[in-house]
Amino acid sequence: EDKVVQSPLSLVVHEGDTVTLNCSYEVTNFRSLLWYKQEKKAPTFLFMLTSSGIEKKSGRLSSILDKKELFSILNITATQTGDSAIYLCAVGTGTASKLTFGTGTRLQVTL
Amino acid sequence: KAGVTQTPRYLIKTRGQQVTLSCSPISGHRSVSWYQQTPGQGLQFLFEYFSETQRNKGNFPGRFSGRQFSNSRSEMNVSTLELGDSALYLCASSVDRGGDTQYFGPGTRLTVL
């Protein structure tokens, strides 16, 4: 059975801190790893990673994938209160559109 | 481009009833997937539709079913509702099957009393 594990489960930081969120996976026929941010309802897409060692960056957020060790990290620098959300990691396998999700990391950024 | 839309946004039903949820994908997207999100289980895959055919199904009972129309719009149906079906039901669309980013709709919050 495909498995995606995220850590930590929750995190409280002060504005301006840097955070690292972790995602490890054990799946059959890996295709891609995706990060989403969920604030109220719809998860919004952040990154999709398919190749090992190539960092994806968008503003203060960045992510990298290690296909040998089967994990990914999501970094957020200079955190802001608007970064408070649940961050979801998902893995796509084979040719299907099915994504297997981790339980998420709840990030709270305080003033 | 308009995003994924889902209707209704909120639903309250009683045990034993049935419910139909609707999803309109982003224009040009042909693959639609459905997920159930609960506090205990997180996001779990229900099924995937492409070209009006169910391509993949998650580990849910037969009470959960769906279909896709020729314009890629999709519906899911839950019959004989149980209390445990209370959840946020999310629909996601992608251009094609696999290998593509999935974009999520706002979800339908279903409460079963």
Side-chain angles (χ1 to χ4, degrees), chain A residues 1-10 21 23-25 27-51 56 58 61 63 65 67 72 74 85-107, chain B residues 2-6 8-10 23 25-26 29-51 53-60 66 68 72 74 87-110:
Chain A
E1 187 183 327
D2 294 340
K3 195 172 162 186
V4 178
V5 177
Q6 291 186 246
S7 64
L9 287 181
S10 69
L21 310 183
C23 175
S24 64
Y25 59 91
V27 301
T28 303
N29 201 7
F30 173 91
R31 184 186 70 237
S32 58
L33 187 144
L34 296 92
W35 285 96
Y36 289 88
K37 177 183 180 182
Q38 187 174 27
E39 291 176 87
K40 299 247 195 284
K41 289 282 166 62
T44 53
F45 170 75
L46 294 174
F47 298 112
M48 182 171 76
L49 303 138
T50 56
S51 301
K56 292 265 180 119
S58 176
L61 277 67
S63 182
L65 173 66
K67 286 169 79 171
S72 173
L74 175 68
I86 296 173
Y87 289 84
L88 296 163
C89 172
V91 174
T93 54
T95 56
S97 291
K98 170 189 173 182
L99 293 176
T100 300
F101 281 84
T103 49
T105 292
R106 183 180 293 273
L107 173 66
Chain B
V4 178
T5 57
Q6 291 186 245
R9 295 292 307 278
Y10 302 91
C23 171
I26 292 171
H29 285 199
R30 299 187 297 160
S31 175
V32 174
S33 298
W34 289 88
Y35 295 84
Q36 181 196 64
Q37 187 174 31
T38 58
Q41 299 293 321
L43 264 149
Q44 292 189 288
F45 173 78
L46 277 158
F47 25 64
E48 170 200 357
Y49 284 89
F50 180 81
S51 290
T53 304
Q54 188 180 91
R55 302 292 177 156
N56 212 344
K57 191 175 196 304
N59 192 21
F60 280 83
Q68 186 181 36
S72 296
S74 177
L88 180 66
Y89 289 88
L90 291 160
C91 161
S93 76
S94 58
V95 172
D96 211 331
R97 292 199 69 209
D100 289 310
T101 305
Q102 290 185 36
Y103 295 92
F104 283 83
T108 294
R109 169 74 63 188
L110 171 65

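Just so it is clear: chains get the letters A, B, ... in the order the sequence lines come, proteins before strands, and each one is counted from 1.
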Do S97(A) and R55(B) pass the side-chain contact (heavy atoms from CB on, under 4.5 Å) test, and can you show the C-alpha distance, the side-chain angles, and the key distance before you say yes or no?
CA-CA 9 Å; S97(A) 291; R55(B) 302 292 177 156; over 6 Å; no
Using non-hydrogen atoms and a 4.5 Å limit, figure out which bit of I86(A) sits close to chain B: side chain, backbone, both or neither.
neither
Please look at F47(B) and chain A and tell me whether the side chain, the backbone, both or neither of the residue comes under 4.5 angstrom of a heavy atom of that chain.
neither
Work out which heavy atom in F104(B) is nearest to a heavy atom in A42(A); give both atom names and the distance.
O-CB, 3.9 Å
How many angstroms lie between atom CD of Q102(B) and atom CE of M48(A), to the nearest 0.5 angstrom?
10.5 Å
Toward chain A, the part of L90(B) with a non-hydrogen atom under 4.5 Å
side chain
Between CZ of F101(A) and CD of Q44(B), what distance do you get to the nearest 0.5 Å?
11.5 Å
Quick check on Q6(B) against chain A: is it the side chain, the backbone, both or neither that has a heavy atom closer than 4.5 Å?
neither
Could you tell me whether N29(A) atom CG has more than 12 heavy atoms of other residues or ligands within 6.0 Å of it?
yes
For a 4.5 angstrom cut-off between non-hydrogen side-chain atoms, does S33(B) reach L99(A)?
no
